[in-house]
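Below you'll find the structure, written out as structure tokens, and then a few comments.
Below, chain A is the first sequence line, B the second, and so on; all start at residue 1. Keep in mind it's a predicted model, so treat the numbers as computed, not measured. Hydrogens, waters and symmetry mates are skipped; everything else that's a heavy atom, side chains included, is used.
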Amino acid sequence: MKQVFGKTNVLSANPTHYCPGCDHGVVHRLIAESLEELEVADRSIGVAPVGCSVFAYDYFNIDFNQAAHGRAPAVATGIKRTRPDSIVFTYQGDGDLAAIGTAEIIHAANRGENITVVFINNGIYGMTGGQMAPTTLVGMKTQTSPYGRDAATMGSPIRVSEIIATLESPAYVTRVTVNNIANQIKTKKAIKNAFTLQKEKKGFSFVEIVCICPTNWGKKPTDAHKWLTENMLPVFPLGTFKDIHGIEKA
Amino acid sequence: MKQVFGKTNVLSANPTHYCPGCDHGVVHRLIAESLEELEVADRSIGVAPVGCSVFAYDYFNIDFNQAAHGRAPAVATGIKRTRPDSIVFTYQGDGDLAAIGTAEIIHAANRGENITVVFINNGIYGMTGGQMAPTTLVGMKTQTSPYGRDAATMGSPIRVSEIIATLESPAYVTRVTVNNIANQIKTKKAIKNAFTLQKEKKGFSFVEIVCICPTNWGKKPTDAHKWLTENMLPVFPLGTFKDIHGIEKA
Amino acid sequence: MSKWVINESLCKGCGICIERCPMKILAFAEHLTPKGVHPSSMTDESKCTSCAICAKSCPDVAIQIYKEEK
Amino acid sequence: MSKWVINESLCKGCGICIERCPMKILAFAEHLTPKGVHPSSMTDESKCTSCAICAKSCPDVAIQIYKEEK
Amino acid sequence: MAKVLMKGNEALGEAAILAGCRYYFGYPITPQSELPAYLAKRLPQVDGVFVQAESEVSAINMVYGAASAGARVMTSSSSPGISLKQEGISYIAGAELPCLIVNVMRGGPGLGNINPSQSDYWQATRGGGHGDYRTLVMAPNSVQEMADFTLAAFEYADRFRNPVLMLSDGVLGQMMEPVVMPAPKDYDMDSKKWSLGYTGKDKTARNLCTSIFMGQEELEEHNWSLYQKYQVITDFFKANKDLAVEEYLCDDAEVVLVGYGIISRILKTVVEKCRKRGIKAGLVRPKVLWPFPSDVFAKLADKASKFLVVEMSYGQMVEDVKLAVEGKKPVYFFGRTGGAVPSDFEILNEVDKIVRPD
Amino acid sequence: MAKVLMKGNEALGEAAILAGCRYYFGYPITPQSELPAYLAKRLPQVDGVFVQAESEVSAINMVYGAASAGARVMTSSSSPGISLKQEGISYIAGAELPCLIVNVMRGGPGLGNINPSQSDYWQATRGGGHGDYRTLVMAPNSVQEMADFTLAAFEYADRFRNPVLMLSDGVLGQMMEPVVMPAPKDYDMDSKKWSLGYTGKDKTARNLCTSIFMGQEELEEHNWSLYQKYQVITDFFKANKDLAVEEYLCDDAEVVLVGYGIISRILKTVVEKCRKRGIKAGLVRPKVLWPFPSDVFAKLADKASKFLVVEMSYGQMVEDVKLAVEGKKPVYFFGRTGGAVPSDFEILNEVDKIVRPD
Amino acid sequence: MSSTVERIILAGFGGQGILFLGKVIAETGMNSDKHVSWIPSYGPEMRGGTANCSVIISEHEIASPMVTVPDVVIAMNTPSVSKFNQKIKAGGMLMYNSSLIERQEFRDDIRLVEIPANEIAEELGDQKVASLVMAGAYIKFSKLITLDDILKTLPLMLKGKKQEMLDLNIVALKKGYDYVEEKKYMFGRYVHSVFKGI
Amino acid sequence: MSSTVERIILAGFGGQGILFLGKVIAETGMNSDKHVSWIPSYGPEMRGGTANCSVIISEHEIASPMVTVPDVVIAMNTPSVSKFNQKIKAGGMLMYNSSLIERQEFRDDIRLVEIPANEIAEELGDQKVASLVMAGAYIKFSKLITLDDILKTLPLMLKGKKQEMLDLNIVALKKGYDYVEEKKYMFGRYVHSVFKGI
Ligand SMILES: Cc1ncc(C[n+]2csc(CCOP(=O)(O)OP(=O)(O)O)c2C)c(N)n1
Ligand SMILES: Cc1ncc(C[n+]2csc(CCOP(=O)(O)OP(=O)(O)O)c2C)c(N)n1
Ligand code: SF4
Ligand code: SF4
Ligand code: SF4
Ligand code: SF4
Ligand code: SF4
Ligand code: SF4
Ligand SMILES: [Mg+2]
Ligand SMILES: [Mg+2]
């Protein structure tokens with residue numbers, strides 16, 4: 001018998017602390033596999049955020065830095081400038097990246113730091129128990145929008161990929177999801193594209209992944225994926241917003 | 001003899017501390033005149049930034065708050081939520097708004113705070129003696145880009161209006177300049193539009209004004225306006241990026 | 001040796017693999033793991049195509065898939 | 001009374017009004033103000049159209065413009 | 001009013017509403033998240049405003065804005081978030097604006113953990129921000145006090161035009177105890193004539209809120225007037241000792257235990273156990289950490305023979321006790337960190353070591 | 001090397017390069033802007049990296065990243081900017097990363113002004129950030145020391161894996177004095193085996209940089225090990241007194257003047273004038289503010305009869321002197337704020353009042 | 001248990017209703033004019049991991065609300081036993097959910113009470129009320145609150161919930177209460193030997 | 001002036017080259033093996049407003065580099081006189097730019113030296129060298145640095161600048177130096193009365 005699927009060694013053996021069905025686990029695997037396939041794992045440095053993935057460093061067998069809430073792109077800048085031959089990526093949630101870390105992500109992107117940002121957009125603050133994120137859908141009830149997000153006073157979901165794409169420097173900006181296997185394959189491709197560009201020192205790459213948070217959405221994982229498809233994707237359309245080196249066509 | 005031009009009473013009698021020829025003075029006047037014409041001066045509250053206009057409160061005869069560097073939109077949010085019938089505006093430079101205050105401006109805009117933001121884009125940190133701003137042109141020499149801004153490591157000028165326009169909530173986003181009298185008239189119109197919308201509680205308005213900093217550009221004021229026209233405007237195209245209530249056509 | 005191997009200590013019982021298996025041959029087991037979870041289990045391995053959709057769907061990389069070598 | 005009135009203590013000698021006056025009738029004065037500035041000055045008021053371009057151009061609102069009433 | 005079983009975080013939230021606070025700006029962080037969650041529900045019911053800011057930095061600056069416009073306003077966070085607010089707090093103190101800032105302390109430094117801690121004492125009492133300024137710092141030790149102190153805090157803030165910091169911790173925020181809600185206070189925004197947007201008829205000049213004083217003389221004068229105000233606050237609490245400090249069995253105490261917040265509750269148990277064992281122990285519990293009730297300690301230093309300070313840190317308040325005691329008597333210290341709340345047994349053990357050093 | 005007339009800010013920048021520092025991340029602010037301007041020019045000449053961050057918050061986190069990757073790295077700012085860095089500093093201390101943070105102090109609180117000041121002493125020495133941590137704090141008093149201390153700072157930072165804070169002020173940053181640049185040091189990034197991206201051949205396990213310790217025991221153990229390290233640092237400076245403190249004419253001094261930074265220069269003049277007038281004055285000048293050279297004061301308290309602490313604030317370091325003196329002798333204070341650098345005359349006047357209190 | 005104060009630690013899996021169980025006891029105490037306190041464990045271990053809370057009911061004002069040496073531990077799963085078993089006061093009580101916890105070498109200086117809470121709950125058709133079963137069992141031993149007290153408090157706490165829900169909770173409570181009665185042989189100061197003997 | 005230390009405050013408008021003037025003096029002192037220090041005023045008043053700096057040249061190590069009581073004030077404009085006149089040490093010197101500063105009731109316990117710096121500079125064709133004229137005049141009085149010293153230092157400071165530029169600066173320096181010589185009547189410890197008499 002030949003193994004057709006097993007765990008990559010870039011993932012550690014530690015069981016994750018994520019809730020049952022949480023997409024974080026899948027995305028971790030796709031990153032790990034990409035680093036392995038590109039043969040860069042031994043010189044990769046991850047930057048974990050504050051958020052559910054704060055312990056990401058426990059799940060990857062690579063060097064890791066645990067950054068302050070929202071500051072991963074600044075931390076990654078410091079690391080990459082110091083170790084330009086490393087493959088440096090941040091892994092950030094929507095509270096981390098789109099709220100407190102707004103300035104850091106925009107300016108790292110604008111400087112064209114040669115890093116990769118994996119952005120987990122699950123429309124909620126998972127770690128802290130379900131508060132409203134900048135990407136929370138209008139009408140959605142959360143701990144801090146108990147009557148539903150009101151666009152008039154709390155604003156509408158922020159589309160970060162679209163914002164990043166207005167900047168000149170970023171090389172690759174794309175939005176994907178892992179709501180089914182077909183999309184998971186595309187996500188893997190996107191992550192690999194991003195790391196390939198970095199390996200080739202071609203600049204800043206940004207992969208937004210629309211994800212579920214079954215726990216704080218109050219849904220079973222399988223229902224959550226359905227809900228994501230029906231409600232999140234219309235607001236966060238999948239697609240590539242910038243690809244200055246045409247890597248998707250290559 | 002009839003006076004055809006005099007100083008509005010909304011401006012104070014204090015001479016400004018601005019350098020000879022600096023556009024800050026003109027923009028101050030346009031704001032003051034707009035408030036007067038809309039008859040809202042007595043209920044207007046300005047928020048001064050940290051930057052050359054830190055003393056703006058000395059030049060207007062209205063209530064003023066002097067905010068921490070970059071935080072004027074947050075401060076204005078606090079004021080406006082507390083005094084919803086006031087006319088609240090921030091007056092911010094490009095270091096203030098586009099660097100340290102990136103998160104604050106984006107999120108105030110996204111919440112659709114019913115405030116007006118006047119954004120003075122002079123491509124430099126004036127107050128601190130000429131450091132690189134996020135809007136500094138590529139190649140431009142500053143205190144902190146002594147060999148010229150290098151797009152590869154320092155990024156390219158950020159176009160804030162375009163970013164703000166990607167958000168759903170803002171009602172009005174426009175870029176103007178005061179490099180000549182014709183454009184000054186358009187700028188006055190834009191500022192008045194912005195305050196009119198606020199008066200009518202129609203949401204967030206954003207007026208970016210491309211300005212000169214003769215001192216730190218090392219140019220005579222009149223040359224600076226020429227330089228602005230030839231070099232800044234191609235990078236920061238004038239125009240209205242968002243006008244959801246169609247005020248410009250009204 | 002099985003085509004479908006699960007590490008039950010990793011399984012959190014989320015049910016995604018069960019839903020996504022095109023052959024519909026996975027189901028929650030009767031028993032509980034020490035974590036208090038009914039793990040995913042194989043009901044009819046003969047029907048398994050080793051497509052690995054289940055394994056790739058698993059957020060906890062709990063499943064390994066083998067295929068008969070030709 | 002003049003059509004063109006300047007408050008010299010406000011003038012910083014930036015020269016913008018001088019450049020923008022369509023009639024080209026403004027020029028730097030010979031004298032220095034206490035601030036050490038050669039202020040803008042009127043060379044030929046008869047040509048002044050009271051268009052106020054100079055006044056509106058002045059960042060320091062140093063100029064006031066009057067027009068003969070008809 | 002009837003007793004309700006409530007979490008400290010929630011009791012504080014309800015009390016803020018009773019105090020007339022209608023404006024909350026904050027950012028989620030454990031272990032204080034019940035407080036914003038509570039207010040997100042309650043404030044809209046009383047025509048108040050709840051805004052989840054994009055960050056702690058933004059939140060404190062919203063508070064700065066709202067306070068300048070006359071609002072009774074608050075924010076809350078936990079340790080790392082409070083660090084981010086330091087610039088803003090310095091501005092608020094500099095501009096002499098009243099507001100309430102709640103710190104439900106957790107373990108540090110850095111991300112640390114979310115367990116209860118008292119390691120932000122210095123930050124709170126010495127000003128973690130820049131410049132010569134002080135925040136009035138209060139330290140409740142029960143859910144009831146989380147409520148009662150909140151009402152007092154808003155009063156002090158307005159009275160002294162100064163930010164008030166409520167220094168709580170994970171246990172106090174998370175625990176439930178019965179609480180009787182204090183009576184509500186009326187609050188009229190236009191009671192602040194200096195506020196921006198003031199709509200009172202007697203408004204004459206325009207109002208200004210600033211912390212910039214460019215000239216040397218100007219700033220020194222401002223610093224001096226702040227300094228004078230801090231003296232006034234200090235004198236106020238000296239004159240109203242009961243508001244500032246709780247003394248328990250100190251009259252004949254040979255060893256005086258010192259602790260604030262949740263620790264003081266444990267120390268009370270320790271004092272009781274000590275007394276049962278024949279050790280004359282007493283307790284001083286500062287309810288207000290700044291201004292520190294130094295005179296109480298100075299006086300006790302003439303009577304008691306020893307002091308033992310207990311903190312959930314490696315020793316911060318102990319410095320204030322030492323400063324007050326001025327070397328007259330030995331001041332011992334016992335601390336636990338990381339979220340460990342020292343038990344009465346451990347502390348008893350320390351007392352034993354001190355009392356019977358053989 | 002030849003003497004060069006240089007600004008303190010620039011001397012510090014050049015010295016950083018000589019120390020092997022090749023990474024600077026910062027954000028402009030007066031009165032330290034010459035430092036980034038200098039390094040923006042110089043670093044590219046030595047293959048170094050200069051990044052103007054979008055904010056102070058971002059800058060300190062870039063430092064966190066670079067330090068974790070093994071860089072000799074620094075940032076600089078002035079008071080309000082340092083307040084914004086507090087969360088980041090707490091992280092750096094928590095993760096035990098070496099780096100240099102320069103504060104060219106200006107007047108506060110809030111925006112204050114840009115004049116020289118010493119009102120961030122508490123923030124620097126007590127940790128303005130959250131949690132039980134310490135930064136090593138150095139206080140140069142001349143342009144030469146701005147350079148010399150910088151080399152030492154990087155050495156200490158690496159030796160103790162701890163952030164070092166250089167507490168300077170507007171005068172020291174802006175003034176020019178002749179300076180002889182110290183000899184350059186070699187620095188090899190891969191000397192730090194623990195660094196992320198470490199490329200040494202002996203790399204075995206993966207490297208990790210974090211400040212989160214979720215479990216209570218874990219964090220307490222970490223806090224304890226930090227505490228132990230702080231003891232080691234304290235002991236190091238006790239054993240190397242000359243590195244930590246300058247004493248001048250203290251042997252027979254009746255009144256000991258105490259001040260750091262630029263103030264200590266003025267105090268030296270005052271001491272000389274006192275001696276001329278027959279007043280036996282001496283000077284203690286801490287060069288290192290944390291760990292505070294308490295033992296020097298403790299010892300002097302047995303000899304000298306009086307202490308006068310002078311600061312450009314309303315009294316911060318004076319607490320450390322009092323803690324050290326333990327009430328044995330009176331400790332007086334004189335301070336000016338807002339940018340006023342007290343003159344020798346004023347201080348002399350204070351000395352007179354103390355020495356001849358009639 | 002002392003007749004003036006009861007210090008309880010309740011522990012189990014995140015989803016087992018531990019915190020609610022603690023609240024029911026505390027709220028009942030409060031409504032019976034006792035002094036009470038309730039402190040939860042909080043934080044990430046709650047997700048997936050274990051949850052616990054400390055409750056004190058007392059005739060007198062509660063100085064320290066921290067429970068380091070509990071009079072009673074109510075353990076709903078195995079990890080809870082290992083975590084808290086050693087902390088119980090000598091002469092105290094370990095009440096454990098025997099549906100999920102195997103008999104083992106417990107301490108011999110404490111009282112042991114074995115309640116098959118999940119099985120009883122399952123009989124009632126809803127695993128979720130296992131915690132109420134434990135509450136009922138606990139009441140049996142309490143010197144400070146009674147079944148009556150808790151029956152008065154529960155409806156107040158479940159206000160707004162469906163009547164069936166309330167009824168079910170009450171039944172579970174009573175089942176737990178009665179179970180202790182039936183299994184009289186479980187009492188005794190040192191029941192360790194009893195186990196061995198069985 | 002003492003022969004071991006000279007404490008100078010130099011003040012004027014922002015654009016008058018005050019800081020550079022101070023640097024020239026300090027740098028000259030350093031190159032002549034003296035101890036020196038230079039402290040600028042800094043900040044927003046520099047823009048448009050006034051600038052000033054304090055320079056000390058000393059035979060001995062400089063304890064305090066702050067100049068509160070200057071031996072010499074070099075004033076380039078009127079506000080500088082009002083700001084610093086009263087601070088000058090009794091017996092000290094006020095050297096002022098009489099091109100921009102009117103004669104007035106100065107103090108009668110200081111030496112006054114009047115230099116029409118702008119006029120001299122204008123004669124040389126460049127207003128900007130007015131500060132060098134003052135430097136030259138100052139040298140005349142210095143006990144610690146000489147014209148020769150400054151002539152050696154100036155080229156080092158203007159390295160990279162055009163030769164004409166350097167030449168012009170040197171001429172200005174000398175003009176200032178010589179002007180003092182010519183106007184001998186300006187000396188005298190208390191010249192106040194002289195003014196009155198003129
Ligand atoms: C400065 C600071 N503020 C707030 C927090 C609390 N906090 C931890 S995680 C988090 C948000 C997590 O949400 P997100 O980034 O969306 O990640 P997710 O958990 O959803 O994956 C917050 C606010 C913190 N640790 N530090
Ligand atoms: C927290 C903080 N960081 C930095 C500064 C210093 N500072 C003052 S103004 C300014 C930038 C001014 O530039 P800009 O916003 O473009 O305004 P301008 O002066 O060009 O009008 C900076 C960095 C400060 N006061 N506070
Ligand atoms: S809280 Fe949400 S995002 Fe976090 S681990 Fe659970 S499901 Fe995933
Ligand atoms: S520095 Fe520039 S922006 Fe500032 S006042 Fe002068 S010209 Fe205007
Ligand atoms: S490998 Fe394919 S067929 Fe086999 S169990 Fe998994 S999903 Fe089903
Ligand atoms: S997807 Fe994985 S965790 Fe979920 S049920 Fe299947 S095996 Fe278990
Ligand atoms: S009013 Fe018009 S014509 Fe008259 S001076 Fe001004 S610009 Fe010239
Ligand atoms: S525009 Fe105004 S400031 Fe400029 S020269 Fe004319 S009058 Fe003077
Ligand atoms: Mg999220
Ligand atoms: Mg600017």
**Request:** Rounded to the nearest 0.5 Å, what's the gap from NZ on E:Lys273 to OG on G:Ser64? Could you check?
**Result:** 8.5 Å

**Request:** Calculate, to the nearest 0.5 Å, the distance between atoms CD1 and NZ belonging to G:Ile39 and E:Lys7 respectively.
**Result:** 11.0 Å

**Request:** Look only at the side chain of E:Arg265 and the backbone of G:Ile62, and say whether a donor-acceptor pair between them is shorter than 3.5 Å.
**Result:** yes

**Asked** Considering residues, nucleotides and ligands other than E:Lys306, do more than 12 of their heavy atoms fall under 6.0 Å from its NZ?
**Response** yes

**Prompt:** Looking only at heavy atoms, which of residues 23-37 of chain G get nearer than 4.5 Å to chain E?
**Reply:** G:Lys23, G:Ala26, G:Glu27, G:Met30, G:Val36, G:Ser37

**Asked** Just wondering, are more than 12 heavy atoms of other shown residues or ligands nearer than 6.0 Å to CD in E:Gln45?
**Response** yes

**Interatomic distance, G:Trp38 atom CH2 to E:Met6 atom CE [nearest 0.5 angstrom]** = 13.0 Å

**Request:** With rounding to the nearest 0.5 Å, note down the distance linking CG in E:Leu5 to CE in G:Met157.
**Result:** 7.5 Å

Please list every donor-acceptor pair under 3.5 Å in which a side-chain atom of residues 253-262 of chain E meets a protein atom from a residue at least two apart or in another chain.
unit_1, atom_1, unit_2, atom_2, d
E:Tyr260, OH, E:Gln118, O, 3.3

**Message:** Need one label for E:Pro116: side chain, backbone, both or neither, based on atoms under 4.5 Å from any heavy atom in chain G.
**Reply:** both

**Item:** Residue among G:Ser54, G:Pro65, G:Cys53 with most heavy-atom pairs under 4.5 Å to chain E
**Value:** G:Pro65

